[in-house]
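Data block below; observations after.
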Amino acid sequence: MAAPSTSTKIGHSLAKVLGIKLEYRDETGAGKLTRGESTFTIDSADSYVENEPTAAEWLRSVTPTGKDVTHYLYHLFPFTHWILNYNVQWLIGDLIAGITIGAVVVPQGMAYAQLAQLPVEYGLYSSFMGVLIYWFFATSKDITIGPVAVMSTIVGNIVLSAQAKDPSVPGHVIASALSVLVGSIVTGLGLLRFGWLVDFISLTSISAFMTGSAINIAVGQTVNLMGITGVNSRDSTYLVVVHVLKHLGRTHKDAALGLTALFMLYGIRFMFNTLAKRMPQHRKLFFFLNTLRTVFVILLYTLISWATVRHIGNNSHSAKTATAVNKAYWKVLGPVPRGFQHAGAPVLNSKIIGLFTSEIPASVIVLLIEHISIAKSFGRVNNYTIDPSQEMIAIGVTNILGPFLGGYPATGSFSRTAIKAKAGVRTPFAGVITAVIVLLALYALPVVFFYIPQAALSAVIIHAVGDLITPPNTVYQFWKISPLEVIIFFAGVIVTVFTSIEIGIYVTVASSFAVFVFRTFKAKGRFLGRVQIHSVVGDLPQNESKNSNQPRPNNDPDKSTRNVWIPIDHEDGTNPGLDIEHPYPGVFIYRFSEGFNYPNANHYTDHLINVIFKATRRTNANSYGRLGDRPWNDPGPRRGKPAIVDSHKPTLKAIILDFSSINNIDVTSVQNLIDVRNQLDRYTSPETVQWHFACINNRWTKRGLVSGGFGYPTPVGDGEFHSWKPIFSVASMGGDSSAAHLAEQEFNRRRSQPDVEAGRQQPHEIQVQHGDLTGETSSSDRGSFQAELNKSNTYTKGKYKADLKPVQGLNRPFFHIDLTSALQSVLQNIQEEQPAQRPEAKVVEEEDAKGEKYA
């Protein structure tokens, strides 16, 4: 054995000075076994000792290598993955989709700019930069970045609030600074690969936020739609409704344009949807005509507006002045500058940032949840996967660079993304086509934009946000799935209606997180029992099968039974009529329902102890010699009365914990198990409780449990161990006469028989006792298969030909691959401790053996 290194010696010396016990546990009592027993070997099987994970190993796993860095940089620009394969067919699809979205985004962008309290050209600037930049970083072909109703409304609220504090700061300066700041935050989150943060926001939170925001925006736009004066459209939704009803008498001629435009938008959509259903062969044509309804309505009402406004004024240019706008019969957009007249570096300083600091969290949340939720949804529909972290980078860079041409915060648009997907978009390059359309509009159409009625734009906004309202049928489906989340949904909507969009966002997100935390804290495990089941193909077995000695369905292809473990209380919805068998008197199998960490560890262990105390009795009822020795919380019987002994209850012998739902543990959870173990050992004194663990999925979880003294027998007395016999699970790895080969032959034989469904065989597993090797099958007709197996030398003691390998480390005999292995180990050690085996133990063990079968 090599001498320890200098660093090891220094470390051991330092540990000794600090009082750290490096060898504080002897897992298997290697020096304490005096009868020649070995816990590290199985006859004729390879030995395997599981090593613990180390901190250095973990650091190596999380430290990026050169290959990881190259991979990271390569994926920062996803367009490089497909651009070299670009072809004409893709180009045709992108042209159609890009032109279609361009026709939609121009009127929508101008309308949403008004929601942001900015001139309409800023909406076009944001639309141009959004679609132009996104395709470089996109992992979604469908998403369209640009101005959206909810984000524009929040920007408008921020602009009004900031100007109330400092009127000298122009609105576009505030919007540009906000865009750069939130863009930088989101980009940083994306570069750090924090895309998983979005998963903390539930679907009901997103639906509530979108629904409440849509109602808020639609009600606010009613003021412009009707041309009502003297009403603040930025008040809370319910106040706007009240004020609109009070001032209906102030309605102007704008209502004639606004209401008819809104009616026409819905009418055109209904007409083309109906035609698409009646004439499915022309569905594509009707879809494209339907998507152009916004452009058609805007052009129609612009023409009507031009026919009235062009006669106002004494010269040919008067129609483009503020006077002409004031003299118009209804509100029009007015002058719109050509090109990028507001391009320049955004102003960003502490003074401007201080005007909207409190609104930054809401802005970041809206940017993320709108975009990521839409991208994920369309990715699932169109069979591709997005990278949330990369999408964060795309949103962030767009909002950082957008203000240099006058843009304000932009994110993914649901309505435009849906249109783009249906238009047959093939790649993110369609955004470049849309950018060209927006660019043409900026330079060729400003003269036309002058005549667009404000009421028509309000109709466009109301029509667009109407699709964001969650339909009643969807809410009903929420109720069927999780009633509690429906309460959160309505709470979010109500709060948004009666306060503001920002507060609604905080309430829904906080409520969802509170529900998550509550469910984690109050997670409740289940005590499991055993049921033997059959596989049934087709109809259920009829009642006449009950008359047979061994009731078994005739249409079971394998003619086999197997054990399953289900909650004894039937809380999982299993048939209450099932007679669930308790594992063994005094043995409890407990399954965790959630993770096992510090928030819920105490709740789990309290439930575990309470049930055990109710179902068992103390091993030694007279363990307290004097009355004063008893604890205050267990005072015992009254003076002169004998101790009450529940002789019909068993004593506690073992606990099996199912860790299949647990990925990691922490110090608090392990300490809780240690405390419970000590408490139960006092309860069962002078005996000790066996602790077995099944289905552990994480090496660090095993390390934590072993550090707490679990996974191997508990020493008694001066570190001595009871006589015990471990049971290990081993796998047969090949061999012509191995069980795996025989199982394959049996599978082929069954498959060749007509009208019999043979199940797919699984890797063979054998339960091995120390010094013995036994295999059990649950097949009802063991027949030729069993005979052939018995004839083979594969499992004959001393003549093994198969390569047997332990499934788990032999140094962790109380960690098991499944619940059946754990229960067999418990029963074996109970029998070792009792010279005369209990009849019921034999019955249970035999029944359990029937549940095992060759795969």
Side-chain angles (χ1 to χ4, degrees), residues 97-98 100-109 111-112 115-116 123 126-127 130-131 134 138-155 198 201-218 221 265-266 269 273 287 290-291 293-294 363 365-382 384 386 388 391-392 394-395 398-399 409-423 425 428 430-431 434 460-471 473-475 489 492-493 496 501 504-505 508:
T100 303
I101 295 302
V104 175
V105 74
V106 170
Q108 281 192 355
Y112 294 154
L115 290 177
S126 296
S127 301
V131 294
Y134 174 69
T139 60
S140 169
K141 69 180 180 66
D142 300 302
I143 204 77
T144 300
I145 289 186
V148 295
V150 179
M151 191 69 237
S152 298
T153 302
I154 291 177
V155 172
V198 183
I201 304 174
S202 67
L203 176 59
T204 48
S205 296
I206 297 173
S207 299
F209 146 71
M210 298 295 283
T211 300
S213 300
I215 295 173
N216 180 289
I217 294 168
Q221 286 303 301
L265 286 168
Y266 279 105
R269 184 170 73 175
N273 287 342
F287 163 74
N290 198 5
T291 59
R293 64 184 181 276
T294 301
S363 302
I365 292 174
V366 173
L367 280 180
L368 292 180
I369 64 178
E370 276 208 83
H371 182 97
I372 303 298
S373 62
I374 294 169
K376 283 184 176 181
S377 176
F378 281 90
R380 286 189 291 265
V381 170
N382 296 310
Y384 63 85
I386 70 154
E391 291 297 313
M392 285 183 172
I395 305 169
T398 299
N399 284 283
T411 187
S413 167
F414 177 80
S415 60
R416 296 195 294 273
T417 299
I419 293 172
K420 190 177 181 182
K422 290 181 180 180
V425 63
T434 302
V460 169
I461 294 173
I462 294 173
H463 180 67
V465 301
D467 294 332
L468 301 180
I469 298 176
T470 305
N473 183 60
T474 302
V475 178
F489 171 82
V493 174
T496 302
I501 294 176
I505 293 171
T508 52

Quick check: closest heavy atoms across [X] and [Y], and the distance to 0.1 Å?
| X | Y | result |
| --- | --- | --- |
| G492 | T508 | CA-CG2, 3.3 Å |
| S373 | I206 | CB-CD1, 3.8 Å |
| A430 | V425 | CB-CG2, 3.6 Å |
| I419 | F287 | O-CZ, 3.5 Å |
| S140 | P428 | O-CG, 3.8 Å |
| S152 | Y112 | CB-O, 3.3 Å |

Determine whether [X] and [Y] make a side-chain contact, defined as any pair of heavy atoms from C-beta on separated by less than 4.5 Å.
| X | Y | result |
| --- | --- | --- |
| M392 | V198 | yes |
| I365 | F209 | no |
| E370 | F414 | no |
| T496 | I215 | no |
| I501 | T153 | yes |

Any donor and acceptor pair, going by atom type alone, linking the side chain of [X] with main-chain N or O of [Y] inside 3.5 Å?
| X | Y | result |
| --- | --- | --- |
| T139 | I386 | no |
| R293 | N290 | yes |
| D142 | A418 | no |
| Q108 | V460 | no |
| S126 | G146 | no |
| T417 | S413 | yes |
| K420 | G98 | no |

* Would T144 and T434 count as a side-chain contact (heavy atoms from CB on, under 4.5 Å) if you check the C-alpha gap in whole Å, the side-chain angles of each, and the deciding distance to 0.1 Å? -> CA-CA 10 Å; T144 300; T434 302; 5.7 Å; no
With rounding to the nearest 0.5 angstrom, report the [atom1] to [atom2] distance, [X] to [Y].
| X | Y | atom1 | atom2 | result |
| --- | --- | --- | --- | --- |
| N399 | M151 | CG | CE | 8.0 Å |
| K422 | T291 | NZ | OG1 | 10.0 Å |
| R416 | I374 | CZ | CD1 | 9.5 Å |
| I395 | T411 | CD1 | OG1 | 4.5 Å |

* To do: State whether the number of non-hydrogen atoms from other residues, nucleotides or ligands found under 6.0 Å of K376 atom NZ is greater than 12.
  =>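 Buried by this count: over 12 neighbours within 6.0 Å.
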* Which is it for I154 and I505 under the side-chain contact (heavy atoms from CB on, under 4.5 Å) test, yes or no, and what are the steps along the way? -> CA-CA 11 Å; I154 291 177; I505 293 171; 4.1 Å; yes
* Asked: Are L115 and Q221 close enough, and set up right, to give a side-chain contact (heavy atoms from CB on, under 4.5 Å), and what steps lead you there?
  -> CA-CA 9 Å; L115 290 177; Q221 286 303 301; 3.0 Å; yes
* To do: Output, in order, the C-alpha distance, side-chain angles, deciding distance and verdict of side-chain contact (heavy atoms from CB on, under 4.5 Å) for K141 and N382.
  => CA-CA 10 Å; K141 69 180 180 66; N382 296 310; 4.3 Å; yes
